[in-house]
Student: 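One structure is given below, represented as structure tokens, and several questions about it will come after.
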Amino acid sequence: MLNEKVHVLLNEQINKEFYSAYLYLDFANYFESVGLDGFANWYRIQAQEERDHALLFYDYLQNNGARVTLEAIAKPDKTFEEHIDVLKAGLAHEEYVTSLINDIYAAAYEVRDFRTMQFLDWFVKEQGEEEKNATDLIDKMTLFGGDPKSLYMLNSELGARVYTAPSLVL
Ligand code: FEO
């Protein structure tokens with residue numbers, strides 16, 4: 001049986017991951033509105049990945065006989081002055097998610113819940129990749145975003161991203 005605190009945190013993470021999906025869908029929405037369809041594609045796929053993350057937490061609880069409670073998903077309410085502000089908000093959000101994963105890990109560690117720690121290992125690695133991707137995007141935008149031709153090419157590059165299901169199988 002799962003420790004109550006670990007159970008609560010894992011359940012909350014379902015909501016946080018769905019919120020992440022909602023947030024990134026809103027980022028895609030922003031980029032659609034300014035005609036950058038490649039950036040929109042990139043964030044739309046990011047939203048799909050976040051939905052997958054939510055379902056992984058959902059499945060983990062189900063597989064361990066722990067009840068899932070679904071809560072309301074908050075409204076994404078960020079507004080942006082410049083394109084790069086969206087990318088920076090993405091990195092800040094991933095850093096926040098990393099802190100959430102770390103908090104669950106710490107709670108599991110405290111009660112010697114090795115199964116949950118092993119499940120979370122995938123997310124610890126994933127967060128490293130998410131932060132790197134967000135940082136790389138900011139770097140590219142900083143370098144090339146000011147020039148229309150370069151922005152067009154960057155937009156095309158991001159438009160080529162395709163969705164792949166997560167490598168974690170429960
Ligand atoms: Fe589910 Fe982007 O972390």
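Each ligand, and each atom within it, is numbered from 1 in the order the structure gives.
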Student: Between Glu32 and Arg44, is there a salt bridge with N-O shorter than 4.0 Å?
Tutor: no
Student: Taking side-chain hydrogen bond (donor to acceptor under 3.5 Å, both in side chains) as the cut-off, I'd like each qualifying pair that reaches into residues 71-83, sequence neighbours left out, listed once.
Tutor: Tyr30-His83
Student: Sort and list the pairs that fulfil ring pair (Phe, Tyr, Trp, His ring centres under 6.0 Å) and have at least one residue in residues 134-170, not counting sequence neighbours.
Tutor: none
Student: Under 2.8 Å from atom 2 (Fe) of ligand 1, which protein N, O or S atoms do you find? Ignore water molecules.
Tutor: Glu50 OE2, Glu94 OE1, Glu94 OE2, Glu130 OE2
Student: Can you name the side-chain hydrogen bond (donor to acceptor under 3.5 Å, both in side chains) partners of Ser150, sequence neighbours left out?
Tutor: Asp147
Student: Can you spot which of His93, Glu94, Glu95 makes a side chain to side chain contact (heavy atoms under 4.5 Å, CB included) with Glu130?
Tutor: Glu94
Student: Is any NZ, NE, NH1 or NH2 atom of the basic residue among Glu49 and Arg161 found under 4.0 Å from an Asp or Glu carboxylate oxygen of the other?
Tutor: yes
